[in-house]
Amino acid sequence: MQPLTLPPRLLMGPGPINCYPRVLQAMATQLVGQYDPAMTDYMNETMALYRRVFNTQNQQTFLIDGTSRAGIEAALVSVLEPGDKVLVPIFGRFGYLLAEIAERADADVHTIEVPWGEVFAPEQIEEAIKRIRPKVLAIVQGDTSTTMLQPLDALGAICREYDVLFYTDATASIGGNPFETDKWQVDAVTVGLQKCLGGPSGSAPISMSDRFVQAVRRRHHVEAGIRDSHHTGAKGARIRSNYFDLAMIMDYWGDERLNHHTEAATMLFGSRECAVALLSEGQDDVLARHQTAGLAMLRGIQALGLTPFGDLKHKMSNVVGVYIPDGVDGEQVRHDLLHLFNIEIGTSFGPLKGKIWRIGTMGYNARQDAVLHTLQSLETVLRRQGFSMPAGAGVDAAMAVYAGQAQG
Ligand SMILES: *Cc1c(COP(=O)(O)O)cnc(C)c1O
């Protein structure tokens with residue numbers, strides 16, 4: 001049997017991306033017992049670090065073990081009781097995921113949609129809230145399927161006015177685009193590591209406001225005789241998932257440390273390191289690095305004579321959709337980039353399948369050299385397919401963005 005060997009890919013798709021080396025190092029750390037003070041101290045520290053990542057004072061800020069959708073599922077199944085109304089504005093693939101998860105919780109799901117490549121105006125959402133009067137608004141911040149970034153800053157106030165709980169999935173956007181839990185009055189947010197936070201998938205940081213916590217706590221969560229005295233007087237339907245029962249997970253991360261799952265310690269070490277990487281470089285500097293890399297990629301793509309997808313005013317900094325030019329075989333280009341250059345770029349889904357590639361510049365890969373390698377390789381592969389463009393124009397345009405940045 002051979003040792004584990006993988007090709008040295010440069011992951012320039014919409015995620016996952018290459019991890020920060022320090023995150024991989026942290027994940028090679030030996031374990032301690034799950035109630036060892038050394039472990040519980042790191043759990044507490046990780047909660048504090050993610051409060052800073054989310055820009056919140058929320059006490060209830062911790063990790064759900066599982067990929068990003070574990071966080072989404074925990075938030076939605078813990079807050080939505082059967083028959084509860086939820087409004088899901090959909091502008092891409094992950095909006096459908098939120099709606100599906102809410103449906104499986106037997107919620108009364110209402111959706112509104114805009115065409116892929118656009119986002120909602122706050123008035124559209126307010127109008128739907130007035131009409132539907134949902135308990136929860138569930139919306140994605142950045143949807144990698146369309147590359148769009150939904151503005152959230154006006155939605156919190158609207159939700160407070162109509163007494164709606166405001167949940168968002170910021171998996172694709174956190175770390176590369178601004179996110180302000182408290183300032184925007186977000187009641188619950190969940191994310192993952194494998195986009196701009198520069199880690200592997202497998203941990204889903206979450207933060208919840210007191211309003212959201214109350215809505216979860218009022219429900220039963222009696223576990224097989226162990227906690228029947230706990231939270232007596234709870235009203236509402238019992239949370240249908242044990243693994244994703246946020247009331248139980250809060251008690252596990254809280255001072256009581258009531259046993260729930262065995263914390264995925266290796267993922268905790270990785271998640272902690274992602275937060276440390278972000279905060280020690282500085283949130284503003286990391287955002288600026290993503291903005292510069294994203295702009296350099298965009299300008300490079302345009303200089304190659306390619307057309308970006310969607311409303312560029314609302315594009316996430318960290319991913320760009322690129323129309324596959326007429327006469328070019330999009331899958332062949334991806335194949336050649338992967339096998340000749342060890343570079344991965346993304347395909348797309350749904351209405352965009354076969355129409356655009358998606359190229360990411362996230363986390364560890366939001367770097368000048370990664371942008372330049374990708375543009376140069378893409379140019380070469382396209383030329384071999386008979387698509388002509390000015391030689392070197394993509395790289396030159398990207399370097400001009402970095403040069404402008406350096407001059408301030
Ligand atoms: C990438 C992405 C996810 C990923 O979910 P996983 O369960 O980690 O695969 C979730 N939500 C959004 C908006 C994403 O872009």
Side-chain angles (χ1 to χ4, degrees), residues 11-19 23 54 63-77 88-102 104 111 113-114 116-120 137-152 155 166-179 186 188-207 241 243-244 264 267 270-271 274 290 294 309-310 314-321 344-350 352 356-363 365-366:
L11 300 179
M12 301 299 284
I17 45 79
N18 302 89
C19 296
V23 172
F54 284 123
L63 309 176
I64 305 294
D65 292 346
T67 68
S68 318
R69 78 184 58 205
I72 302 171
E73 192 143 350
L76 294 181
V77 303
V88 187
I90 297 175
F91 60 99
R93 177 187 185 212
F94 287 99
Y96 289 105
L97 176 66
L98 303 192
E100 189 210 307
I101 290 173
R104 285 176 187 246
T111 59
E113 295 189 40
V114 287
W116 287 35
E118 297 176 21
V119 296
F120 292 90
L137 169 70
I139 188 166
V140 173
Q141 185 191 24
D143 203 311
T144 40
S145 66
T146 68
T147 76
M148 292 297 110
L149 184 76
Q150 170 66 45
L152 301 180
L155 303 185
F166 175 17
Y167 163 75
T168 189
D169 170 14
T171 300
S173 40
I174 192 100
N177 306 269
F179 193 90
V186 174
V189 51
T190 63
V191 300
L193 307 182
Q194 75 268 33
K195 311 278 167 80
C196 303
L197 292 179
S201 71
S203 178
I206 184 172
S207 185
S241 168
Y243 193 67
F244 293 130
M267 283 314 305
S271 308
C274 287
H290 279 87
F309 169 78
H314 293 293
K315 190 181 88 56
M316 278 188 277
S317 71
N318 49 302
V319 57
V320 61
E344 180 180 276
I345 65 167
T347 173
S348 14
F349 307 100
L352 297 176
I356 66 167
W357 298 298
R358 291 174 304 149
I359 304 181
T361 40
M362 312 190 189
N365 290 348

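Atoms within each ligand, like the ligands themselves, are counted from 1 in listed order.
Those atoms of ligand 1 that come under 4.0 Å of a heavy atom in G142, given as number and element, are 13 (C). Taking every heavy atom of A172 and a limit of under 4.0 angstrom, the matching atoms of ligand 1 come to 15 (O). The ligand atoms of ligand 1 that sit less than 4.0 angstrom from a heavy atom of T171 are 2 (C), 3 (C), 10 (C), 11 (N), 12 (C). The V140 neighbourhood of ligand 1 comprises atoms 13 (C), with distances under 4.0 Å to a heavy atom of that residue.
Of all protein heavy atoms, the one closest to atom 7 (O) of ligand 1 is T67 OG1, 2.7 Å. For atom 9 (O) of ligand 1, the closest non-hydrogen atom of the protein is Q194 NE2, 3.9 Å. Among protein heavy atoms, the minimum distance from atom 13 (C) of ligand 1 is reached at D169 OD2, 3.2 Å. Of the protein's heavy atoms, K195 NZ, 2.5 Å lies nearest to atom 2 (C) of ligand 1. Among protein heavy atoms, the minimum distance from atom 5 (O) of ligand 1 is reached at S68 CB, 3.3 Å. With respect to atom 10 (C) of ligand 1, the closest heavy atom belonging to the protein is F94 CE2, 3.5 Å.
With a heavy-atom cut-off of 4.0 Å, Q141 does not touch ligand 1 at all.
With rounding to the nearest 0.5 angstrom, the CG atom of L193 is 8.0 Å from the CG atom of L63. The structure places CD1 of I90 at 4.5 Å from CD of E113, a figure rounded to the nearest 0.5 Å. Considering CZ of F94 and CZ of R69, their distance stands at 6.5 Å, rounded to 0.5 Å. Atom-to-atom distance recorded for N177:CG and N318:CG is 5.0 Å, nearest 0.5 angstrom.
Residues T171 and K195 form a side-chain contact, since some pair of their non-hydrogen atoms from C-beta on lies under 4.5 Å apart. Residues F91 and E118 fail the side-chain proximity criterion, which asks for heavy atoms closer than 4.5 Å. A 4.5 Å side-chain heavy-atom check between F179 and V186 finds at least one atom pair inside the cut-off.
Ligand 1 is never approached by A204 to a heavy-atom distance shorter than 4.0 Å.
Side chain to side chain, Y96 and T111 fail the donor-acceptor criterion of an N or O pair below 3.5 Å.
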